[in-house]
Number of protein chains: 2
Amino acid sequence: MEQRLNIITLGVRDLNESIQFYENLLGWQRMDWESDNIAFFKLNGLILSLFPADDLAKDAGVASDGHGFKKFTLAYNARSEKEVDDIMQTLERKNVTIVKQPENVFWGGYSGYFADPDDNLWEVAYNPFLQLDDQGSVK
Amino acid sequence: MEQRLNIITLGVRDLNESIQFYENLLGWQRMDWESDNIAFFKLNGLILSLFPADDLAKDAGVASDGHGFKKFTLAYNARSEKEVDDIMQTLERKNVTIVKQPENVFWGGYSGYFADPDDNLWEVAYNPFLQLDDQGSVK
């Protein structure tokens, strides 16, 4: 098994609300693959997929009950502290839930968190030790 | 905010057990960035990070309670149905929890699921509609 990942699927409560969030608030574009029941966003070499949580549980054959902290986070690495601030301030003005305002963190970076409509946590961070290529992928 | 993702962090119960899983059972290599409290695996343009769940909750400033279905899945896209079978059979022989044996699925692909020690669900799929580049990233 190669050391890679192709799709992350978020199991959502309300597909349309989640699509609105990623399209209108983050400003991302969907792939033209959509059906009525799933949405795909092509990121840097992988896909973010939004799919109703009950359907996702059914696809894997597991119980769909779950609540509280989901025990995973997603991180977007910006190219500067200023970019972190700009992104977080823009999202705050759009009434996105800011979970943690950006601050200097113990590992030497600068980071804040926002939440999507299903409380999936996105960290927006500047990490001076992480190299990004022109497309923003980790080198 | 560009349309990209740099890190996915899994909040784990037992860091050493999770490291063993990803290193020894999936056969993946850690980055040499490790501290005693976090592990990083460089994937295709992004990083998979393993971090104790309580510390992850604390970092985001949220409550750490959570149980049941985590409402997200990760997918590895293989290049053929045979590669899906080979991976899943290899993992099964290593006593990895197989959540769903590979089967043909309604959208035209072939897919199964396994679980890591924290019940994070990994789908291993062949999707004839998805183009992968030489590194296995989504084109």
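Hydrogens, waters and symmetry mates are skipped; everything else that's a heavy atom, side chains included, is used. Residue numbers begin at 1 in each chain, while the letters A, B, ... track the order of the sequences.
- Looking only at heavy-atom pairs under 4.5 Å with chain A, the residue among B:G136, B:G61, B:S49, B:A53 that has the most is B:G136.
- When atom types are taken as modelled, the side chain of A:E83 and the backbone of A:R79 share a donor-acceptor pair closer than 3.5 angstrom.
- Without hydrogens or angle criteria, B:N127 side chain to B:N77 main chain gives no donor-acceptor distance under 3.5 Å.
- With a 4.5 angstrom heavy-atom cutoff, A:A57 touches chain B via backbone and side-chain atoms both.
- Hydrophobic clustering (side-chain heavy atoms under 4.5 Å, transitive across Ile, Leu, Val, Met, Phe, Trp, Tyr) groups B:V84 together with B:L25.
- The candidate from B:L56, B:L130, B:L26 with the greatest count of non-hydrogen atom pairs under 4.5 Å with chain A is B:L56.
- Heavy atoms of B:I87 lying under 4.5 Å from chain A belong exclusively to its side chain.
- With a 4.5 Å cut-off on non-hydrogen atoms, B:E123 touches chain A through its side chain but not through its backbone.
- Contact annotation for B:L48: neither backbone nor side-chain heavy atoms come within less than 4.5 Å of a heavy atom of chain A.
- In this structure, the portion of A:L121 lying under 4.5 Å from any heavy atom of chain B is its side chain and not its backbone.
- Considering only heavy-atom pairs separated by less than 4.5 Å from chain B, the leading option among A:A60, A:S64, A:G11 is A:A60.
- Contact annotation: the side chain of A:N6 never approaches that of A:I47 to less than 4.5 Å [non-hydrogen atoms, C-beta and beyond].
- With a 4.5 Å cut-off on non-hydrogen atoms, B:K42 touches chain A through its backbone and its side chain both.
- Residue contact with chain B, scored on non-hydrogen atoms closer than 4.5 Å, involves the backbone and the side chain of A:D59 alike.
- Across B:S137, B:A75, B:G68, the residue that shares the most heavy-atom pairs under 4.5 angstrom with chain A is B:A75.
- Checking side-chain atoms of B:K71 against main-chain N and O of A:G66 turns up a donor-acceptor pair under 3.5 Å.
- Distance check: B:M1 CE to A:L91 CG gives 6.5 Å after rounding to the nearest 0.5 Å.
- A cation-pi arrangement is present between B:R4 and A:Y76 under the rule of less than 6.0 angstrom and at most 45 degrees off the ring axis.
- With chain B as partner, the option from A:Y22, A:Y113, A:W28 having the largest number of non-hydrogen pairs under 4.5 angstrom is A:W28.
- Of the atoms belonging to B:D86, not a single heavy atom falls under 4.5 Å from chain A.
- At a 4.5 Å heavy-atom cutoff, the contact between B:A63 and chain A is made by backbone atoms alone.
- Inter-residue side-chain proximity for A:D118 and A:E17 is flagged as unmet; no heavy-atom pair is nearer than 4.5 Å.
- With a threshold of 4.5 angstrom between heavy atoms, B:F41 approaches chain A through its backbone and through its side chain.
- With chain A as partner, the option from B:K100, B:Q3, B:K70 having the largest number of non-hydrogen pairs under 4.5 angstrom is B:Q3.
- For chain B, the option among A:L10, A:L5, A:L43 with the highest count of heavy-atom pairs below 4.5 Å is A:L5.
- Between the side chain of A:K139 and the backbone N or O of A:D133, no donor-acceptor pair lies under 3.5 Å.
- Proximity of A:F21 to A:V96: side-chain heavy atoms (C-beta onward) are separated by under 4.5 Å at one or more points.
- A:D65 touches chain B through its backbone: at least one of N, CA, C or O sits under 4.5 Å from a heavy atom, while the side chain does not.
- Interface remark: B:V62 contributes side-chain atoms only to the contact with chain A (heavy atom separation under 4.5 Å).
- The parts of B:L74 that come within reach of chain A are both its backbone and its side chain, each placing non-hydrogen atoms under 4.5 angstrom from that chain.
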